[in-house]
Amino acid sequence: MIYLIIAIVLGIIMLVAAVIAVYNKDLKTAIIAAGVTSLFASVLYVLLAAPDVALTEASIGSGLTTLIFFYVYNKIRRNNAQE
Amino acid sequence: MEILKIIGAVITLMGSIALFLGALGLVRMPDLYNRIQTGTKASTFGTVLTLLGLIFIFPGWVGKLFILMLFVGISNPVSSHVLARNAYRYGVPLSDKTTVDRLAEDIENKEVEPVNNAL
Amino acid sequence: MNVKNIGISFVILFGFWLLLNGTFTTPIIVTGLIVSLIIPMFFCARCDVFADMRLTPKAFLYTFIYLFVFAFELVKANLDVTRRVISPKLPINPGIVKVKTKLKSKMARMILANSITLTPGTFTLAIEKKYLYIHWIDVQDKDVEAATKEIVQKFEKYLEVIYG
Amino acid sequence: MLRNSLILLVLLGFAAAIFPLLHSYEAKDALTGVAEHYANYGKEEVGAANLVSAVVVTYRGFDTLGEVTILFLASAVIGLFLKASETYTKDTRSVFFKSTEILVTASRLLVPMILLLGVYIFINGHLTPGGGFQGGAVIASAFALLLLSRPQKHFSHKVISVVESISGISFVFIGLLGVLLAGGFLDNHILAMGKFGTLLSAGAIPIIYILIGLKVGSELTGIVRNLKESQKEG
Amino acid sequence: MQLFSIEYISLVVGFLILLIGIWGILTRKNILKMVIGFSLFDTGTHIIIVALGYVKNKTAPILNQPDLQTDTAHKIVDPVPQALVLTAIVIGLGVTALMLVYAMKLHNEKKTLNIQNYKDLKW
Amino acid sequence: MVNTVLTISVVLILLSVLLSLYRFIKGPNTADRVIAFDVMTIASIGLIALISYFANRLIYLDVAVVYGLLSFIGVIVVAKFLEKSL
């Protein structure tokens, strides 16, 4: 029963974050929202008895992907500022 | 043994209440710095308390739970400090209720490195 | 090569390894010894985080006292924040004050800043040489000396003994 | 308008393709087919407590080899792209600010711990969740933290590529040893099986995972480092 | 009815995230936004595959406790989808990084991220 | 008894995640959103620990350890990006 509540709440949060990631005008917010989606996907994997996948998603999906996104965005921003 | 478990459950409950209050503070406070005050730190305290309660319930899990508490306890104040400092330099405004701002005075007097606009 | 630093790092990392594994068989201990010796040798050879830690019995005693003082402050301050968050009028009086610290060691300064940050009500906004700029949710004293006495000194007197 | 309706059509096509999956979904009560075989005989055949590791490393070893190759290619192409753009105008003005003192100290304290955590994750890949890929990602995060806290620091490209090449070659070499000494490519019976559930068990899986961990860690570190270096110019 | 079980909810959520991701790829004009849509698409697919391997009231396929070592097939969830997703996530990172660096190169050449300004391949 | 109390804790943690989601949606600027993100990750650590209590598996805690570590790096990346010193 408690699993069901957790799954429903996590699903709502992930859907909201995904919509923000697609629709928000601000690119920084969109990147962070994509990070939130994978963060809660990782909790959902723990719930679905897949700790291996959860570990991978937590370390790669939310950690390194966000880092790479921000590096690239920073580079693009700096190129724009030089114009 | 049963009594230990009940103590642990109560500590966990207190931790989750602290987490909830932290999130409530996050919603209610007027500006970023006050949100950091209540939000991240009350929730750090709440998580540490939750993990402490689990130690009472499962004494065999003490190793990993202790490491988790240590990690949360070291890394979270650092991250909120870095975020607050960089947000200040980025120019996030303070709320109207602020009474005194010594940092702005010192930046004005050139005692502290000013906000850098090198870009 | 800072032998003291590598030694303390080795002890901490080995303890960390044992806590992570949770069992004490021979292969685990041997692997842990090797790994926790290699990592400080390569990544901590020139850093000095533990270099000015004191290893006297008094320092150990003060570490425990410090932990207790810190836990007490943590609980007390959290109750205070709870009161502020719940009350409908939001009684806050925020401001940024400047305090002074005597500590020189980097590690001690980090622990001091983290302790100030973790006790709700105050957090470290910036740290510049011997001054810390602190965001205080309920400003009581705008003066440097008085604020130092209020915020810093309860932690500083223990840290001064543990680190130089 | 036409464009939007076309997009909607594509989405509806996708929905129609996946809807039968949702509609006809039935909950299982037990494993069937190949999964049942893995569950029942994995313990004797491979000897790894973590069945996911057994599937990744031994039963489906070729998939892992292909994946490592793809990651290597991605990392190499990124290196190529960013290297080619280094001929752009170099800027001597430092755009990096010093990090706050607390972050530097904390990173000095935390980086060895994170590295140890990464090593723990890939050495215990056959017993607890985790393995080479996750451990490598954690190690790359540790180096990323180092680069974040000290932006001026320069990382040697040579060490990264040497570690990567050595671990990659050893990985293929162990796979070939499996062909010579045991049943096939990447067979883990080239070493003694050991007692089930201890650190020294499951034959060659710990060694393979150490190699994969070092390789993935150095590749991801290489990607992060290349991106970081590309920030320095212009 | 099995509608309210965690695997069914996860299936629906993964499916919706996948659709949102495709919608983002197809409608957004900014290249980085399209890459974000791709990464959402990835996440959704992974959730669907893992949810298909779940078996009700069973535990993770890691046999470190003695009670799991007998009659294993009736006590654990399916390990194969998990192994597939494990490799897929790492490849996803490599592909995303490649796409991002390519977007960076494109921006270096054309000084814009808007997809509508790239007219080279339009006919 | 213990189960009931811990169920209430889970519900409270979920509520706090929802509250920080509200701040995430509303937050006037990026730094507020990062704070909401931080609170979400910290709450998720507690959530994973409680899930591992309900599933009675120690190994799930490994996920929480990695989680705690990586949220730290994410926050620092965004902070340094805001300060334009990445």
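Here is how names work: the chains are called A, B, and so on, in the same order as the sequence lines, proteins then strands, and each is numbered from 1. Both backbone and side-chain heavy atoms feed into the values below; hydrogens, waters and symmetry mates do not. Please read all numbers here as calculations on a predicted model, not as lab measurements.
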Item to complete: Kindly state each residue pair satisfying salt bridge (charged side-chain N to carboxylate O under 4.0 Å, His left out) with at least one member in residues 10-22 of chain F, sequence neighbours excluded.
Response: none
Worksheet item: Can you check whether F/A79's main-chain N or O pairs, donor with acceptor, with B/N86's side chain at less than 3.5 Å?
Response: yes
Discussion item. According to salt bridge (charged side-chain N to carboxylate O under 4.0 Å, His left out), does anything in residues 57-73 of chain F pair up with another residue at least two apart or in another chain? List the pairs.
Written reply: B/K64-F/D62
Worksheet, complete the sentence: Nearest heavy-atom approach of B/A9 to F/V5 is O-CG1, 3.5 Å
Worksheet item: Heavy-atom count around B/F66 CZ within 6.0 Å, excluding the residue itself: above 12?
Response: no
Worksheet entry | Portion of B/I17 that has a non-hydrogen atom of chain F nearer than 4.5 angstrom | both
Worksheet item: Between B/T50, B/V72, B/L54, which residue shows the highest count of heavy-atom pairs closer than 4.5 Å to chain F?
Response: B/L54
Fill in: Atom pair NZ/CG of B/K5 and F/N3 - distance to nearest 0.5 Å
9.5 Å
Discussion item. Rounded at 0.5 Å granularity, tell me how far CG in B/L21 sits from CG in F/L19.
Written reply: 10.0 Å
Practice prompt. Against chain B, label F/L6 side chain, backbone, both or neither, depending on which of its atoms sit under 4.5 Å from a heavy atom there.
Written response: side chain
Worksheet item: Going from CZ on B/F45 to CD1 on F/I42, what distance comes out if it is rounded to the nearest 0.5 angstrom?
Response: 13.5 Å
Item to complete: Tell me, for F/D32 versus chain B, whether the close heavy atoms (under 4.5 Å) come from the side chain, the backbone, both or neither.
Response: both
Worksheet item: Is any side-chain heavy atom of F/V75 closer than 4.5 Å to a side-chain heavy atom of B/V82?
Response: no
Worksheet entry | Atom group of F/Y22 that falls short of 4.5 Å from chain B, counting heavy atoms | side chain
Discussion item. Looking at every non-hydrogen atom in both residues, tell me the closest pair between B/T47 and F/G46 and how far apart they are.
Written reply: CG2-N, 4.2 Å
Item to complete: Give, as side chain, backbone, both or neither, the part of B/L32 having an atom under 4.5 angstrom from any heavy atom of chain F.
Response: both
Worksheet item: Looking only at heavy atoms, which two atoms of B/S43 and F/V39 are closest? And how far apart?
Response: OG-CG2, 4.1 Å
Response to the item:
On a heavy-atom basis, the closest approach of F/S16 and B/F20 is CB-CA, 3.8 Å
Worksheet entry | OG on B/S80 to CG on F/D38, rounded to 0.5 Å | 7.0 Å
Worksheet item: Going from OG on F/S52 to CG on B/L65, what distance comes out if it is rounded to the nearest 0.5 angstrom?
Response: 7.5 Å
Fill in: B/L24 versus chain F, the contacting section by heavy-atom distance below 4.5 Å
both
Practice prompt. Give, as side chain, backbone, both or neither, the part of F/T4 having an atom under 4.5 angstrom from any heavy atom of chain B.
Written response: neither
Discussion item. Is the shortest side-chain heavy-atom distance between F/L50 and B/T12 below 4.5 Å?
Written reply: yes
Worksheet entry | Point-to-point distance, once rounded to the nearest 0.5 Å, from CD1 of F/I45 to CE of B/M69 | 12.5 Å
Item to complete: Please name the pair of heavy atoms, one in F/R23 and one in B/L26, separated by the smallest distance, quoted to 0.1 Å.
Response: NE-O, 3.2 Å
Worksheet item: With only heavy atoms counted, which part of B/S75 is less than 4.5 Å from chain F, the side chain, the backbone, both or neither?
Response: both
Item to complete: Among F/L58, F/N29, F/V65, single out the residue with the greatest number of heavy-atom pairs under 4.5 Å to chain B.
Response: F/L58
Discussion item. Could you report the tightest heavy-atom contact between F/I13 and B/S16, atom names first, then the distance?
Written reply: CG1-CB, 3.9 Å
